[in-house]
Amino acid sequence: MQVIINITLKAGVLDPQGRAVENALAGLGFTDAVDVRIGKQITLDIDSEDAARAEQRAARMCESLLANTVIEDYTIEVVAPS
Amino acid sequence: MQVIINITLKAGVLDPQGRAVENALAGLGFTDAVDVRIGKQITLDIDSEDAARAEQRAARMCESLLANTVIEDYTIEVVAPS
Amino acid sequence: MNEIQEMSFADAEAMGLSFDEWQLILKRLDRTPNLCELGIFSAMWSEHCSYKSSKKWLKTLPTEGPQVIQGPGENAGVVDIGDGLAVVFKIESHNHPSFIEPYQGAATGVGGILRDVFTMGARPVALLNALRFGDIDHEKTKHLLSGVVAGIGGYGNCIGIPTVGGEVNFHSSYNGNILVNAMAVGLAHSDRIFYSAATGAGNPVIYVGAKTGRDGIHGATMASAEFSDETESKRPTVQVGDPFTGKLLMEACLELMAADAVLSIQDMGAAGLTSSSVEMASKGRLGMEIDLDLVPVREAGMSAYEIMLSESQERMLMVIKPEQAETARAIFEKWDLDFMPIGQVTDTQRLVLLKDGKTACDIPLAPLVDDAPEYDRPYRADEMQPVLATAQLAADSDITDCLRQLLGSAELASRRWVYEQYDSDVMADTIFGPGGDAALVRVHGTEKGLAITVDCTPRYVDADPFEGGRQAVCEAYRNISASGARALAVTNNLNFGNPEKQDIMAQLVGAVSGMGAACRILNTPVVSGNVSLYNETDGMAIQPCPVIGMVGLIDNWARAVGCGLTAAGQILYVIGQDAGTDDGWLGCSLYARQLAGREGGAPPPANPDAERKHGDLLRCAIEGGMIAAAHDISDGGLLVALAEMVMAGQAGAEIVTPDCDTLHGWAFGEDQARYIVAVTDAGAFEALCSEQNVACARLGTTISKCELTAAPAAPISKEQLKSWHEPRLAALMSQ
Amino acid sequence: MRAAVIIFPGSNCDRDMMVAVQTITGRRPALVWHKDSQLDPVDIVIIPGGFSFGDYLRCGALAARAPAMHSVLDHASRGGAVLGVCNGFQILLESGLLPGTLVRNSGLKFVCRETRLAVQKTIDTPLMAGLPQGSELIIPVAHNEGNYFADDDQLDALELGGQIALRYTDNHDSRPANPNGAARDIAGILSANGRVMGMMPHPERAMGAGHKSADGCRFLRSVLEGVS
Ligand SMILES: Nc1ncnc2c1ncn2[C@@H]1O[C@H](COP(=O)(O)OP(=O)(O)O)[C@@H](O)[C@H]1O
Ligand SMILES: [Mg+2]
């Protein structure tokens, strides 16, 4: 199963990268872009035929390594049999 | 309009971080995860009521700054009026 | 909680205030405080900001000397280094935040200490850190170590200040409370130091730097409490460091100071806008009025309480000359930073805060600072530990095998895995970076060099706080002296458990007394420092860790010597050891812990008078050009020190060990006040020793083959030594 | 010899580079702020190391789009010489003046250490004129993203075109010569016309006199004498 994990900073946590990119966009004339936040998107293949199980495994991976749950939230999407 | 931009490494481009994460997952017992690739997810608000136009603006931002089109692909999703 | 609603003792207690403290607030205000006011009292009276448990003892430290321009009480200490220049430095802990989020905790620790230094008008030129982790095999250690190291590098590398030294230790007492202490050193013109006392009623108060968010609200109170499962839920939003903004802020502030626009300036560290505004106003014996609606915020709807207690990073508060306001604004615009007049200095001696057009706080400043509680906490020392003889401790293995085990132990193994993640060369003035004794950094564009080190041996302090406190100062002094520099002054970071316990309080009292005693004799006054208490988890306290950061000066950096052996044909001596010595102090040593499985026992007595004499001799010999390499003897004793000199150098060493039952004591004993030196002119050196009446034992010679021979044991090649020494940390971290 | 050093917010080797250039040429280079779109004629533009714009998004990406870079592109298009060191190299790649990209170190950690570099056989370039092919230089690196990457065709083209200037080479100790996993051990490359060079190692930190090596000084002397 292909799984997509999106990891974003929790609301309220400073995102200096997002801020710098927002400024740079404005400098290039894209003044219409605001509230830029930058997260991670991790794609991986989980060796399982069962979508529910793949999602469960992915959640475990997030908790133990992929996400820093002190400052980050994550969402999991099981895309398709790979 | 809230816009989500996913930026992924092109196929064939080395992803040392993805590889290291895969190894680390295996070390933690997650040997069922393969083909780990790490990309970015950028969310932003574009000041426009028109989804098509927001998407167009976002594409311009990707071409001129957000993605390095030599090694990265991007997809744009216009989520909802913000 | 409603902002203007009146508070009760239950609210005060939840913020860490005692009933007596609550009563005192009521009395001073003559009314009940509101939430914002109570929050301000709670932060200012927290252990972290008020030093209520340690103040009585900190006052006993020597803080004066002809070299001292500014002692404790400002953002950092300032010491004269001649020719109109001054060195500015301080150390600070970020223990609790680093345990919760190691990367950001350590990164913001570095950012915070850098701000303390450039707030004084100094350009930071070096960073060091002192780290303590739990047992190396503990499940959390790997995660914490990798996060902390990456965080320190993440901030320091990006802002472009070299991280030139530090120390890392592992012990199970830190399993639940790691220590992350960061030290910053800067250079300034001695007649252009900036202070925090506000001046001139009517002058504008300016907020600069990053915007205020809800980060780390009440971090200062957090840092003043023990850990438990409950803390988990009280966890504030983690502070996130932004070294990029930190760099811009540093450049903008230094540019503004050069433009002569700043009257007083204070960084926003612990307790953010609260402590900065209170300190500036109270130090100037003035008042301050701030309109909180003008504070640049990151999130909408922040309350007065949140704005005042936020610990968002990369912010400063300053009072500027009114006529320079436009110059100042232009400088901050150039650096793309917020610049906002938010209030003014008043002569009311009150802190007045406005929010939404209403008064959110109106309190007298004096009680916040002058009435901050000061406790004379009771203490009772543990019994003295017995002195252990070599025969009680010696392991069965031969000395080569002991050396192999010691060099490969978590305590002594090479720290390369750590320091290669730090940019130690940026600014291009690093002469000696990490991996030797003191770091040596050139004073840019001059012949002067600053020698810098951080040191503490917690197992000694644990066994005997007074001896341990003295020893930390002595060891730092030895590291400075080994490079050829003369020690100038110290900063210190007192890391202890819960001071409400009598045995912990006794550790604090003992260690501070020992530190003070050694500093007096070595002429190294204490010019700054930091205290971190309540380092306990579920009642289990850390090994006490009073870290000493010491700075020394060498007039010509080109004359400094390193610890690596340079060439064959030199004579090796041990300074501070009698020729006939064939035993050593193994009690409380690393050897006893690692090889005999024995912790405790009386530590080797420190001897500051001898340190001073031996340090003076070594400086004299280095100045006289007789010394090619020098290394102090500390953890692991003589043979470990010699092995380190071989590993760091381009030549080998050949010595003969004494034929006796106490060989292990001789080889691995940790007797103090000793150095190994490689001497180019033995006659002159021996004459100097007898002239200065310093014992020195001839140990052997340097040889061209890169190996260590301690006859009758077989030679050990440098590659072999390195194969024991190098891989431990890297192997652990790549598991 | 007129040199200019470009300064971005977050550059942190600008002073070190300025001092190095002045030591060699006796003349202080012009310092150009990233917001300036005006660049007076110079013999070489140097883009120093650091963390321009915090390395946010991608290293060098935000700097490559700053106003000062427009004039650097003009200068290069007229055949002007450009040297980018570390973050400067990343910026040159992002601005398209050099091919390929620099990704995260294979060890996933910042790495600060000495490296040994072998001078390669290159196309005719004034920048390397003073450095015999095959000679070795000891110069330190300090970076997070120094892992040079390009596809095989592109790498072959660089080799054939003599555009590979410096390679990491055996440093005679137990550690790998290549500190970051760079493809084909590439430490520095040249543009097709031999006038633009990017490199990860920091020559300004190997100037002798207290530094562990003086090879950076040799290298910069070759560059500066080559273009004057
Ligand atoms: N152990 C100590 N020894 C000497 N001075 C100390 C010690 N602890 C704190 N100080 C001094 O007390 C003042 C307040 O310290 P701190 O709260 O750490 O300052 P900041 O808020 O600037 O970080 C500083 O001047 C500091 O140098
Ligand atoms: Mg401060």
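All values below come from the heavy atoms of this structure, side chains included, with hydrogens, waters and symmetry mates left out. Model, not experiment: these values are computed from the prediction. Every chain is numbered from 1, with letters handed out A, B, ... down the list of sequences.
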- Task: Considering only heavy atoms and a distance below 4.5 Å, find which of A/Val34, A/Asp47, A/Asp32 pairs most often with chain B.
- Result: A/Asp32

- Query: With respect to chain B, which residue among A/Gln17, A/Arg60, A/Met61, A/Glu22 yields the maximal number of heavy-atom pairs within a distance under 4.5 Å?
  - Reply: A/Met61

Does the side chain of [Y] come within less than 4.5 Å of [X]'s, by heavy atoms?
X       : Y      : result
B/Ile42 : B/Ile7 : yes
A/Glu72 : A/Thr8 : no
A/Leu14 : A/Leu9 : no

Report which part of [X] has an atom under 4.5 Å of a heavy atom belonging to chain A: side chain, backbone, both, or neither.
X       : answer
B/Leu66 : side chain
B/Leu28 : side chain
B/Ser48 : neither

- Ranking B/Leu44, B/Thr31, B/Val3, B/Ile5 by heavy-atom pairs under 4.5 Å to chain A gives rank one to B/Leu44

- Rounded to the nearest 0.5 Å, how far does CD of A/Glu77 lie from OG1 of A/Thr43? 11.5 Å

- Query: Between B/Asp45 and B/Gln2, do the side chains contain an N or O donor and an N or O acceptor separated by less than 3.5 Å?
  - Reply: no

